[in-house]
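Down below is the structure, laid out as structure tokens.
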2 protein chains.
Amino acid sequence: MTEKTNPSPAAIKTWARLMRVSRQLVERAEDALKDSSLPPLAWHDVLHELAEAGEVGLRPFQLIERTLFAQYNLSRLLARLEADGLVEKLRVADDGRGQTIRITEKGRETRRRMWAVYGRSITELVGARLSNDDLETLSALLGRLRHPAALE
Amino acid sequence: MTEKTNPSPAAIKTWARLMRVSRQLVERAEDALKDSSLPPLAWHDVLHELAEAGEVGLRPFQLIERTLFAQYNLSRLLARLEADGLVEKLRVADDGRGQTIRITEKGRETRRRMWAVYGRSITELVGARLSNDDLETLSALLGRLRHPAALE
DNA sequence: TCTATATAGATGCAACTGCATTGATACCGG
DNA sequence: CCGGTATCAATGCAGTTGCATCTATATAGA
């Protein structure tokens with residue numbers, strides 16, 4: 001009756017917790033940003049990657065590799081960021097199809113203000129709830145669920 | 001310079017993993033359902049709760065408590081489920097404002113077909129990647145991140 | 001009872017997402 | 001050099017989500 005692919009109770013429970021907890025945490029972090037009249041988490045993700053990339057910027061497809069945005073989604077998010085003056089799009093010399101995205105000073109400033117709130121959320125929601133050892137354990141276990149399964 | 005609310009590196013890393021892994025897993029599970037021409041995960045969540053509730057059904061606000069749907073979101077999801085004949089809405093005698101949602105036989109059948117695929121995803125993505133002990137550990141750690149923080 | 005407030009659920013509208021496709025350029029084999 | 005294919009990014013359209021509000025009923029308090 002039960003197929004061999006049926007998940008074990010432990011797997012189901014872990015899956016359910018993972019789904020529920022991650023959604024709750026995202027919601028909390030998003031709410032905190034909204035309460036401070038700041039943009040959504042997705043904006044921070046992009047601005048963060050761009051800030052790390054520095055003056056040379058990143059190509060959109062590189063952002064897709066670093067984040068989990070769908071191509072069309074990122075395309076439109078970048079348009080919004082550009083409209084807000086947080087990033088600029090630069091033609092790239094050696095590839096006429098593409099462009100390079102660079103964060104502006106205003107973008108850096110926005111990211112800093114977001115991080116002040118976002119970081120506090122991370123502290124409250126995660127940092128304050130688990131010991132350092134538990135954080136390491138959790139992180140390692142989650143790492144084993146990544147796709148493709150990578151070495152840590 | 002650094003505020004006391006700044007998250008520790010371990011907290012940041014754990015947060016990032018949690019966000020990334022949970023998104024990946026959802027995406028994989030959704031893709032598997034799509035590949036089988038089945039409805040999204042959200043439908044399963046609702047049908048599952050309703051199946052457990054049995055013939056007496058559930059009020060929409062009870063579904064909201066059990067899942068993490070926003071009220072307006074659930075309202076429209078139920079309308080879609082009703083349109084597809086997977087649930088039925090019943091007037092409830094003692095509260096003229098509300099209704100009771102009951103799963104139909106077609107709804108149960110759809111849920112079974114979804115679970116065949118969904119369960120396989122859970123096995124592949126989680127069950128097959130961690131030992132039972134690790135699953136228990138992960139589940140317990142995630143449990144400590146729930147809000148409100150509950151006892152296990 | 002009558003009014004004020006609270007709760008259950010639906011909905012108009014704007015923003016966002018997913019899907020499929022397009023436009024444009026790059027690259028590869030002959 | 002040329003045609004076919006692959007890659008980068010944008011977009012039309014339909015479906016979904018978020019926000020605010022609305023309708024309807026219930027409950028509490030004067």
Side-chain angles (χ1 to χ4, degrees), chain A residues 23-24 26-46 49-50 57-84 86-102, chain B residues 23-24 26-46 49-50 57-84 86-102:
Chain A
R23 269 178 265 177
Q24 280 184 333
V26 168
E27 195 181 334
R28 293 251 174 170
E30 294 278 18
D31 285 349
L33 288 170
K34 267 178 259 179
D35 290 346
S36 301
S37 302
L38 289 167
L41 282 187
W43 289 38
H44 184 275
D45 292 350
V46 170
E49 294 298 336
L50 290 173
L58 286 175
R59 301 282 301 267
F61 72 89
Q62 294 177 301
L63 279 167
I64 288 173
E65 291 163 3
R66 285 166 172 70
T67 62
L68 295 177
F69 291 105
Q71 183 270 321
Y72 53 80
N73 201 345
L74 180 67
S75 174
R76 292 194 260 227
L77 174 51
L78 289 175
R80 280 173 245 146
L81 291 172
E82 186 188 28
D84 269 38
L86 305 184
V87 307
E88 47 193 354
K89 299 184 174 183
L90 310 168
R91 287 292 139 196
V92 50
D94 62 334
D95 188 341
R97 295 167 300 182
Q99 54 190 305
T100 291
I101 310 297
R102 191 203 290 161
Chain B
R23 269 178 264 177
Q24 280 184 334
V26 168
E27 195 182 333
R28 293 249 175 171
E30 294 278 17
D31 286 348
L33 288 170
K34 267 178 260 179
D35 290 346
S36 301
S37 303
L38 289 168
L41 283 187
W43 289 38
H44 185 276
D45 291 350
V46 170
E49 294 298 335
L50 290 173
L58 286 175
R59 301 281 301 268
F61 72 88
Q62 294 177 302
L63 278 166
I64 289 173
E65 291 163 2
R66 286 166 172 69
T67 62
L68 295 176
F69 291 105
Q71 182 271 321
Y72 52 81
N73 201 344
L74 179 67
S75 173
R76 292 194 259 228
L77 175 52
L78 289 176
R80 279 174 245 145
L81 291 172
E82 187 188 27
D84 268 39
L86 305 184
V87 306
E88 47 193 354
K89 298 184 175 183
L90 311 167
R91 287 292 140 197
V92 51
D94 61 335
D95 188 340
R97 294 168 302 184
Q99 55 191 302
T100 291
I101 311 297
R102 191 203 290 159

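So that the names make sense, note that chain A is the first sequence line, chain B the second, and so on, each numbered from 1.
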For residues A/Arg102 and A/Val87, determine if any side-chain heavy atom of one lies less than 4.5 Å from a side-chain heavy atom of the other. no
Please walk me through it: do B/Leu63 and B/Leu50 pass side chain to side chain contact (heavy atoms under 4.5 Å, CB included)? CA-CA 8 Å; B/Leu63 278 166; B/Leu50 290 173; 4.1 Å; yes
Rounded to whole angstrom units, what separation is found between the CG atom of B/Leu58 and the P atom of C/dA8? 14 Å
Indicate whether OP1 or OP2 belonging to C/dA10 is found under 4.0 Å from a side-chain N or O atom of B/Lys89. yes
What I want to find out is whether A/Asp45 reaches A/Arg66 closely enough, with some N-O distance under 4.0 Å, to be called a salt bridge. no
Rounded to whole Å, CD of A/Gln99 lies from C1' of C/dT25 at a distance of 13 Å
Carboxylate-amine/guanidinium proximity below 4.0 Å for A/Lys34 and A/Asp31: yes
When you compare the side chain of B/Ile101 with that of B/Arg59, does any pair of heavy atoms fall below 4.5 Å? no
Please report the distance, rounded to the nearest Å, between CG in A/Leu78 and C1' in D/dC8. 13 Å
Could you tell me the separation between the CD1 atom of B/Ile64 and the P atom of C/dG9, rounded to a whole number of Å? 7 Å
Quick one: A/Glu30 CD to C/dC16 P, roughly how many Å, whole number? 12 Å
Closest non-hydrogen atom pair, A/Leu41 against A/Ala29: CD1-CB, 4.2 Å
For nucleotides 11-21 of chain D, read 5' to 3', which letter fits each nucleotide if B means a protein heavy atom sits under 4.0 Å from the base, S means only the sugar-phosphate is that close, and - means neither? BBB--SBBB--
CZ of A/Arg59 versus P of D/dT7: gap in Å, rounded? 14 Å
Shortest non-hydrogen contact between A/Phe69 and A/Val46, atoms and distance: CE1-CG2, 3.6 Å
B/Leu74 CG to C/dT7 P, straight-line distance once rounded to whole Å: 18 Å
Tell me the interatomic distance from B/Leu90, atom CG, to C/dG9, atom P, rounded to whole angstroms. 12 Å
So which protein nitrogen or oxygen atoms get under 3.5 Å of nucleotides 23-25 of chain D's nitrogens or oxygens?
residue, atom, partner, partner atom, Å
D/dT25, O3', B/Gly96, N, 3.3

B/Gln99 and B/Pro60: which non-hydrogen atoms are nearest, and at how many Å? O-CD, 3.3 Å
Does the pair A/Arg80 and A/Trp43 meet the rule for a side chain to side chain contact (heavy atoms under 4.5 Å, CB included), with working shown? CA-CA 10 Å; A/Arg80 280 173 245 146; A/Trp43 289 38; 4.2 Å; yes
